[in-house]
Protein chains: 2
Amino acid sequence: MQDTTPQTSRGDDTTRRIMDTAAEVFSEVGYAGARVDAIAKKANVNKAMIYYHIGDKKTLYTRVLHEHFGQAANRMRELLKQAQTPEEKIKTYIHYINQVMDENPSKAAIMMREMAGGGRSLPDVVVEDIATIIGSVVQIIDEGISQNRFHPVNPMCVHLMVIGALMCHKASRPIRQKLPHIADAMDQMAAMDHGDFVNGIETLILRSLTKQNTA
Amino acid sequence: MQDTTPQTSRGDDTTRRIMDTAAEVFSEVGYAGARVDAIAKKANVNKAMIYYHIGDKKTLYTRVLHEHFGQAANRMRELLKQAQTPEEKIKTYIHYINQVMDENPSKAAIMMREMAGGGRSLPDVVVEDIATIIGSVVQIIDEGISQNRFHPVNPMCVHLMVIGALMCHKASRPIRQKLPHIADAMDQMAAMDHGDFVNGIETLILRSLTKQNTA
DNA sequence: GGTTAAACTAACTGTTTAGTTAAACTAAAT
DNA sequence: ATTTAGTTTAACTAAACAGTTAGTTTAACC
């Protein structure tokens with residue numbers, strides 16, 4: 001039954017529900033494992049509506065990837081303009097990645113599945129975005145090294161430690177919840193929210209990069 | 001056509017081919033996305049042989065997880081016995097994880113998919129193994145802190161940085177190969193082999209953990 | 001009230017899928 | 001040569017699947 005509150009066209013509302021639900025399902029079982037019927041049922045729409053509003057399964061998946069990962073590099077570049085030192089830029093980068101992943105609970109899992117799949121389904125525009133983000137990390141690290149504030153380091157190690165830790169942390173919440181004895185063994189971790197985890201990552205990354213002689 | 005070289009029963013050879021191929025297919029598309037017909041075709045066996053030798057799809061997947069991830073904690077515990085200092089133990093731990101992932105190209109991708117899926121399909125014995133490994137990391141970090149050699153730190157940050165970086169590195173090779181301009185931008189990374197990457201991770205982890213006053 | 005375009009639906013199609021079965025084949029044992 | 005147990009196979013089943021269609025409903029417009 002349609003909600004009667006005034007809003008954009010009914011179609012827009014339907015499309016939103018389809019997109020959000022599709023992201024959830026794709027994050028749970030991946031593109032190949034996702035069932036259009038399952039997406040329709042979970043979104044509480046008739047399956048034909050998916051084809052009417054968006055298109056076939058592949059088109060739906062591509063739009064989900066665009067929506068979640070497109071433009072990520074542009075937004076990061078804007079934020080980096082406001083940071084002065086390499087240390088500040090690294091902080092900005094880490095917190096930005098964390099924020100992007102927190103925008104939607106499905107993002108981290110979809111990223112992990114795409115990575116596990118070798119990025120075969122990633123649209124070129126998303127791949128370019130990833131390349132631009134990595135390029136930014138390379139620039140920050142190079143700047144830090146050239147200013148003698150950072151140790152010489154492989155930027156890929158830094159990037160994958162950040163990306164990997166944050167993705168794994170967010171995607172593995174169900175595993176941690178499944179293991180109360182793990183939670184017991186690390187009770188301050190079990191109680192830890194996102195902010196603390198990303199601050200811990202930030203501390204470790206900066207400590208591993210930064211030379212001691214900097215103020 | 002059967003190979004005529006003397007070996008164990010033909011069934012053992014068939015089971016081996018099925019298990020290896022299943023691991024590949026599960027790593028490529030996940031459990032839900034894998035097709036039994038595709039596994040059979042790739043393993044060059046009739047589909048019914050999978051049911052005869054191993055069982056249904058879920059049984060096959062569970063055996064693949066056991067084979068790849070079972071016993072991992074025991075082997076690590078044995079190796080850790082030979083390390084003295086917390087620094088040595090951290091090194092042992094990082095290189096052991098790296099070695100486990102290198103045993104089979106499918107491992108990292110399967111781990112990532114399982115993590116992305118919240119570990120829903122993980123057999124309990126594998127989950128216990130993961131818990132034991134994490135417990136070991138907690139012990140090492142606690143030991144380092146209590147001996148005043150490590151900064152106070154969330155072991156989960158350390159563990160997920162190590163696991164995350166290594167998994168992402170191994171699983172993302174096809175993406176790096178897809179992007180020659182990324183390779184160009186980081187040509188020393190593009191040429192980097194496993195050893196250099198894990199050594200980079202080791203350096204960063206130790207530097208982020210270790211207090212400066214230690215020799 | 002009538003018209004129309006957009007949104008939505010139940011039922012459908014052809015294909016794909018996991019899993020099974022009866023029969024054939026193979027190699028070892030006699 | 002025959003028997004037997006283990007291995008393998010082609011063909012099959014019922015259900016699931018992506019995608020389509022003809023028709024209905026809804027809401028905006030006049």
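Each chain gets a letter, A, B and so on, in the order the sequences are listed, and its residues count up from 1.
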Nearest-angstrom distance from the residue atom [atom1] of [X] to [atom2] of [N]:
| X | N | atom1 | atom2 | answer |
| --- | --- | --- | --- | --- |
| A:N46 | C:dA6 | CG | C1' | 15 Å |
| A:M49 | C:dA6 | CE | P | 15 Å |
| A:D12 | D:dT26 | CG | P | 19 Å |
| B:D37 | D:dT9 | CG | C1' | 14 Å |
| B:K41 | D:dT8 | NZ | P | 20 Å |
| B:Y31 | C:dT17 | OH | C1' | 12 Å |
| B:N44 | D:dT9 | CG | C1' | 13 Å |
| B:K47 | C:dA18 | NZ | P | 6 Å |

Worksheet item: Heavy atoms under 4.0 Å, any strand shown: does A:D56 hit a base, just sugar-phosphate, or nothing?
Response: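 A:D56: backbone/sugar contact only, no base atoms under 4.0 Å.
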
Discussion item. Once you apply a heavy-atom cut-off of 4.0 Å, does A:A34 come out as touching a base, just sugar-phosphate, or nothing?
Written reply: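 Result for A:A34 = sugar-phosphate.
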
Item to complete: Using the side chain to side chain contact (heavy atoms under 4.5 Å, CB included) rule, pick out the option among A:V126, A:I133, A:I130 that qualifies with A:F69.
Response: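 Answer after filtering A:V126, A:I133, A:I130: A:V126.
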
Worksheet item: A:Y93 and side chain to side chain contact (heavy atoms under 4.5 Å, CB included): which partner among A:N98, A:L79, A:V162?
Response: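 So the option named by the test is A:V162.
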
Worksheet item: Under 3.5 Å, is there an N or O donor on one side and an acceptor on the other linking the side chain of B:K57 and the base of C:dG19?
Response: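 Counting by modelled atom types and ignoring angles, no donor-acceptor contact under 3.5 Å is found here.
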
For [N], take OP1 and OP2 only and decide whether either is under 4.0 Å from a side-chain N or O of [X].
| X | N | value |
| --- | --- | --- |
| B:T14 | D:dT7 | no |
| B:Y51 | C:dT20 | no |
| A:H53 | C:dC8 | yes |
| A:Y52 | C:dC8 | no |

Fill in: Which residue lies more 5' along DNA chain C, comparing B:A32 with B:A48 via nearest heavy atoms
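The residue whose closest nucleotide sits nearer the 5' end is B:A32.
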
Practice prompt. Carefully, step by step, assess B:R113 and B:E28 under the rule salt bridge (charged side-chain N to carboxylate O under 4.0 Å, His left out).
Written response: CA-CA 9 Å; B:R113 286 187 188 282; B:E28 283 159 9; over 6 Å; no

Fill in: side-chain hydrogen bond (donor to acceptor under 3.5 Å, both in side chains) between A:T15 and A:D12, worked out
CA-CA 5 Å; A:T15 301; A:D12 290 348; 5.3 Å; no

Worksheet item: If you look at every heavy atom in A:L166 and A:I94, which pair is closest and at what distance?
Response: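 That closest heavy-atom pairing would be CD1-O, 4.0 Å.
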
